[in-house]
Amino acid sequence: MDRSFFDRKVNEVAPELIGVELLVNGVGGEIVEVEAYSPEEPGSHSFRGRTARNASMFGPPGHAYVYRSYGIHWCLNFVCGPGEVASGILIRALEPASGVDEMRARRGLDDVRLLCAGPGRLCEALGVTGVYDGLPLDEPPFSLRAPSEPHAVVVGPRIGLSKAIDLPWRYGRAGSLFVSRSFNAA
DNA sequence: CAGTGGATGCTCT
DNA sequence: GAGCATCCACTGT
């Protein structure tokens with residue numbers, strides 16, 4: 001999957017990420033949950049302009065934006081466009097498929113359903129840290145592959161925000177048991 | 001199950 | 001000094 005795939009608006013790209021295979025150094029699985037963020041909306045890190053932390057978000061599409069969350073976890077985003085417009089997509093959950101034992105070891109947990117069900121869990125399972133911030137998505141250690149057939153997508157409000165909580169910018173694979181939270185009752 | 005609170009570090013006011 | 005794009009353990013049903 002070429003980095004030009006991401007050179008479009010977040011809410012166009014985000015639903016198309018559902019079902020995409022994401023591997024980091026060969027470990028990962030199928031994306032089942034994402035959230036869109038864009039600079040004109042106060043839920044986004046880029047809403048208040050460029051800073052040292054969010055610099056990657058202001059860079060070219062098709063690159064990673066990795067930041068630390070609550071002092072403890074890492075979270076992975078894909079920078080989108082069109083052009084350098086400081087928008088991105090948070091990868092929130094995967095259905096584990098490749099390197100499951102390595103993910104279990106990193107997470108210290110057996111239950112496959114909980115290995116990548118949440119942005120912080122996913123980064124721990126895939127070994128994503130701040131050193132990946134700004135790296136292109138179409139080169140190692142990343143590997144992205146589109147699904148053979150598009151999947152049914154469900155939509156809902158984003159999770160864990162105190163601002164812009166009503167925007168339905170969370171996308172998930174319909175019926176997936178590997179999402180971080182159910183999409184019931186918008 | 002649902003709800004609560006602590007851990008923990010960095011960014012921005 | 002406040003506030004997090006989170007997770008886990010613990011409480012009480």
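From a predicted model like this one, the values you see are computed outputs, not experimental measurements. Scope of the values below: all heavy atoms of this structure, side chains included, with no hydrogens, waters or symmetry mates.
Taken to the nearest 0.5 Å, the CZ atom of A/R158 stands 7.5 Å off from the OG atom of A/S44. Annotation: the span from A/R92 atom CZ to A/R181 atom CZ amounts to 8.0 Å, rounded to 0.5 Å. A/S182 contributes atom OG, which lies 11.5 Å from atom CG of A/L177 (distance to the nearest 0.5 angstrom). Distance CD/A/E21 to OG/A/S143: 6.0 Å, rounded to 0.5 Å.
The ring-ring contact (aromatic ring centres under 6.0 Å, His included) test applied to A/F58 returns no partner, not counting sequence neighbours. Looking at residues two or more places apart in sequence or on another chain, you find no ring-ring contact (aromatic ring centres under 6.0 Å, His included) involving A/Y171. Under the side chain to side chain donor-acceptor pair (under 3.5 Å) criterion, A/D111 pairs with no residue at all, not counting sequence neighbours.
Scanning residues 158-167 of chain A for heavy-atom distances under 4.0 Å to DNA chain C yields A/G160, A/L161, A/S162. Listed in residue order, the members of residues 85-100 of chain A having a heavy atom less than 4.0 Å from DNA chain C are A/L90, A/R92. The stretch residues 101-134 of chain A has no heavy atom under 4.0 angstrom from DNA chain B at all. Residues of residues 56-83 of chain A that place a heavy atom closer than 4.0 Å to DNA chain B, in numerical order, are A/Y70, A/G71, A/I72.
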Which pairs, protein N/O on one side and nucleotides 11-13 of chain B N/O on the other, fall under 3.5 Å?
| from | atom 1 | to | atom 2 | distance (Å) |
| --- | --- | --- | --- | --- |
| B/dC12 | OP1 | A/T51 | OG1 | 2.2 |

Which atoms of nucleotides 9-11 of chain C (N or O only) lie under 3.5 Å from a protein N or O atom, and what are those distances?
none

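The closest side-chain heavy-atom distance from A/L161 to A/Y37 is below 4.5 Å. Taking 4.5 Å as the limit, every side-chain heavy atom of A/L94 sits out of range of all side-chain heavy atoms of A/V32. Contact annotation: the side chain of A/H63 never approaches that of A/Y132 to less than 4.5 Å [non-hydrogen atoms, C-beta and beyond].
Salt bridge status for A/E139 with A/R3: present, with a side-chain N to carboxylate O gap under 4.0 Å.
A cation-pi arrangement is found for A/R8 relative to A/F5, the charged atom lying closer than 6.0 Å to the ring centre and inside a 45° cone about the ring normal. Relative to the six-membered ring of A/F178, A/R173 misses at least one condition, a distance below 6.0 Å or an angle of at most 45° to the axis.
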Enumerate donor-acceptor pairs with a distance under 3.5 Å from any side-chain N or O in residues 120-127 of chain A to protein atoms, sequence neighbours excluded.
| from | atom 1 | to | atom 2 | distance (Å) |
| --- | --- | --- | --- | --- |
| A/R121 | NH1 | A/A117 | O | 2.8 |
| A/E124 | OE1 | A/R107 | NH1 | 2.8 |

Anything under 3.5 Å between a donor and an acceptor, one on a side chain of residues 79-88 of chain A, the other on a protein residue two or more places apart or in another chain? List them.
| from | atom 1 | to | atom 2 | distance (Å) |
| --- | --- | --- | --- | --- |
| A/S87 | OG | A/C80 | O | 3.4 |

Represent DNA chain B in dot-bracket notation, 5' to 3'. Only Watson-Crick or G-U wobble pairs with both distances under 3.5 Å count; pseudoknot-style crossings use [ ] and interstrand partners use |. |||||||.||||.
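Under a 3.5 Å cut-off, the side chain of A/E33 and the backbone N or O of A/I91 do not form any donor-acceptor pair. Using a distance-only test at 3.5 Å, with no hydrogens or angles considered, a donor-acceptor pair links the side chain of A/N77 to the main chain of A/Y65. Checking side-chain atoms of A/E41 against main-chain N and O of A/S38 turns up a donor-acceptor pair under 3.5 Å.
Side-chain atoms of A/S56 and A/D133 include a donor-acceptor pair closer than 3.5 Å.
Using a 4.5 Å cut-off between side-chain heavy atoms of Ile, Leu, Val, Met, Phe, Trp and Tyr, with links allowed through other members, A/M57 and A/W74 fall into different hydrophobic clusters.
Here C/dC7 presents its P atom at 11 Å from CZ of A/R181, a figure rounded to the nearest Å.
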